[in-house]
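Worksheet for the structure shown next.
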Amino acid sequence: MKGDFRVDLAFDRKHLWHPYTSMAAPLPTYPVVGARGVHLELEGGRRLVDGMSSWWCAIHGYGHPNLERAIRAQLDRMPHVMFGGLTHEPAVELARLLIRITPQPLKRVFFCDSGSVSVEVAIKMALQYFRALGQGRRTRLLAVRGGYHGDTFGAMSVCDPETGMHHLFEDMLPEQLFAPVPSCAFDTPWDPASTAELEALMEAYAEELAAVVLEPIVQGAGGMRFYHPRYLARVRELCDAHGVLLIADEIATGFGRSGKLFACEHAEVVPDVLCLGKALTGGTMTLAATLTTAEVADGISRGPGGGAFMHGPTFMANPLACAVARASVTTLLDSDWRGRVRTIEAQLTEELEPCRQLPGVADVRVLGAIGVVEMRKPVDVAAAQTRFVARGVWIRPFGKLVYLMPPYVIGSGELSQLTAAVVDLAESAI
Ligand SMILES: *Cc1c(COP(=O)(O)O)cnc(C)c1O
């Protein structure tokens, strides 16, 4: 079989960019030929238990019949038509469903093609809203350090200024305001001092601020931290006090990952704008949504130039993606996802706990179906990958973080395979 690869790895290495890698010295990539249930199948037949859910997305695992059926049925009708001047059932019914399951005031929906774009749309909504209200001075955003919101320019401007690679684009990015990392952890006693700097910033810049942008409760790719619900509740109060919009980026946390359907529910907070993506289609296709209130939408609509909201991607509300999203959300709601996530949380807590005693480990934390082991030093990703693949698991650390966010359908034996591999890596402290 040597030389008979169906995936041309040499071509891949020479010509294809992978996420956040150098073309000159890329990390090794593994050829995948299929995915079923919680397994990825590599060329050559090796099967790996997927600990990443393809970056938060594949909450039902791979090849779920409901999702495949929805894609096939929609493919027979039409995979895509433009959304300018046309509409279709998959978009209308998905919007109806999202309006039903998100907080009651969120009733206006903008569909777009990726998480980053949904953040751009959210930012644009906030800016257009204040312009329409005659408060054109409100052009700045306040974000928190340790956040991640995507890789396009507007989204990048609210990512953590250090890990978010601001230094590469310093003179091109709008200058936003940053509060410190929310320091009060999810499961520690509430420390009101943790919002002090944020409060001072909001006070000082109240007249210039359009919106606060943050990931509710779980900071994902910016550090995998879980912060206290009272922090989020306080942000909501401050936004109200200063007439500032709250944009909640639930692209990673949406659809049950944190133990609530949406992480805002931990604090019973309702944002003015909500970004959804990733697990929206159950990991099958790219789709995102930005939801807002009638108040914000009506405000924008009273604005100059006829009040049009100025965004409209080519693949807006792609019917194939909307159809499978509806199937995914329905499948989730019909399942005992709360029980599944709680069971995963308990097992992650128990099986990752031994890492805490290890000299190379700085912290262990679990929330919902997310388990994180933070090392003291950055992990050698290539070496860790090799080790994980040899053990039959797919886990991809970044920086000092080794973390798991498995599909909710994972069995306890498969989850133990993942946690054992993490413990093994933490012991060797690669
Ligand atoms: C992944 C992610 C994004 C960006 O989504 P893309 O689909 O990769 O553009 C934005 N915000 C959060 C919280 C994310 O996890």
Side-chain angles (χ1 to χ4, degrees), residues 17-21 52-59 102 110-126 141 143-161 163-166 176 181-182 211-227 232 235 246-258 260-264 266 271 273-291 311 313-318 321-322 324-325 328 367-370 372 396 398-399 401 403-405:
W17 251 299
H18 284 264
Y20 313 107
T21 52
M52 311 305 296
S53 298
S54 283
W55 276 342
W56 310 90
C57 296
I59 52 177
T102 54
F110 191 100
F111 286 121
C112 58
D113 21 28
S114 76
S116 301
V117 176
S118 79
V119 172
E120 300 292 332
V121 166
I123 293 172
K124 210 183 254 188
M125 281 178 179
L141 305 171
V144 290
R145 288 180 185 268
Y148 176 76
H149 299 284
D151 295 342
T152 52
F153 272 78
M156 232 184 348
S157 78
V158 286
C159 287
D160 182 275
T163 62
M165 291 169 286
H166 282 209
Q176 315 295 15
V181 170
V212 172
V213 185
L214 47 64
E215 297 154 279
I217 309 300
V218 177
Q219 290 191 300
M224 303 296 286
R225 294 183 194 87
F226 314 135
Y227 66 85
L232 184 59
V235 172
L246 176 59
I247 299 175
D249 177 351
E250 293 237 19
I251 292 164
T253 47
F255 306 103
R257 182 57 68 179
S258 73
K260 303 279 187 188
L261 193 55
F262 299 102
C264 280
H266 287 286
V273 184
L274 173 69
C275 297
L276 301 175
K278 290 204 163 102
L280 175 58
T281 64
T284 54
M285 305 190 60
T286 180
L287 182 72
T290 311
L291 280 79
H311 215 93
T314 306
F315 283 93
M316 185 166 180
N318 173 251
C322 288
V324 71
S328 175
L367 181 68
I370 314 167
V372 184
R396 189 170 161 86
F398 74 86
L401 302 168
Y403 60 101
L404 299 173
M405 41 209 198

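When a ligand or atom number is given, it counts from 1 through the structure's own listing order.
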Worksheet entry | Gln219 side chain reached by Leu214 side chain, heavy atoms, under 4.5 Å | no

Worksheet item: Considering only heavy atoms, which protein residues lie less than 4.0 Å from any atom of ligand 1?
Response: Ser114, Gly115, Ser116, Tyr148, His149, Gly150, Glu215, Asp249, Ile251, Ala252, Lys278

Worksheet item: What pairs with Ala122 under side-chain contact (heavy atoms from CB on, under 4.5 Å), at least two apart in sequence or on another chain?
Response: Ile247, Val273, Cys275, Thr290

Item to complete: Among residues two or more places apart or on two chains, list those pairs meeting salt bridge (charged side-chain N to carboxylate O under 4.0 Å, His left out) that have a residue in residues 143-156.
Response: Arg145-Glu162

Fill in: Reported CZ-to-CD1 distance for the pair Arg225 and Ile217, which is rounded to 0.5 angstrom
14.5 Å

Worksheet item: Do Ser258 and His266 get their side chains close enough for a donor-acceptor pair, meaning under 3.5 Å?
Response: yes

Practice prompt. For Thr284, check side-chain contact (heavy atoms from CB on, under 4.5 Å) against everything at least two apart and list the hits.
Written response: Leu67, Ile71, Thr281, Val324

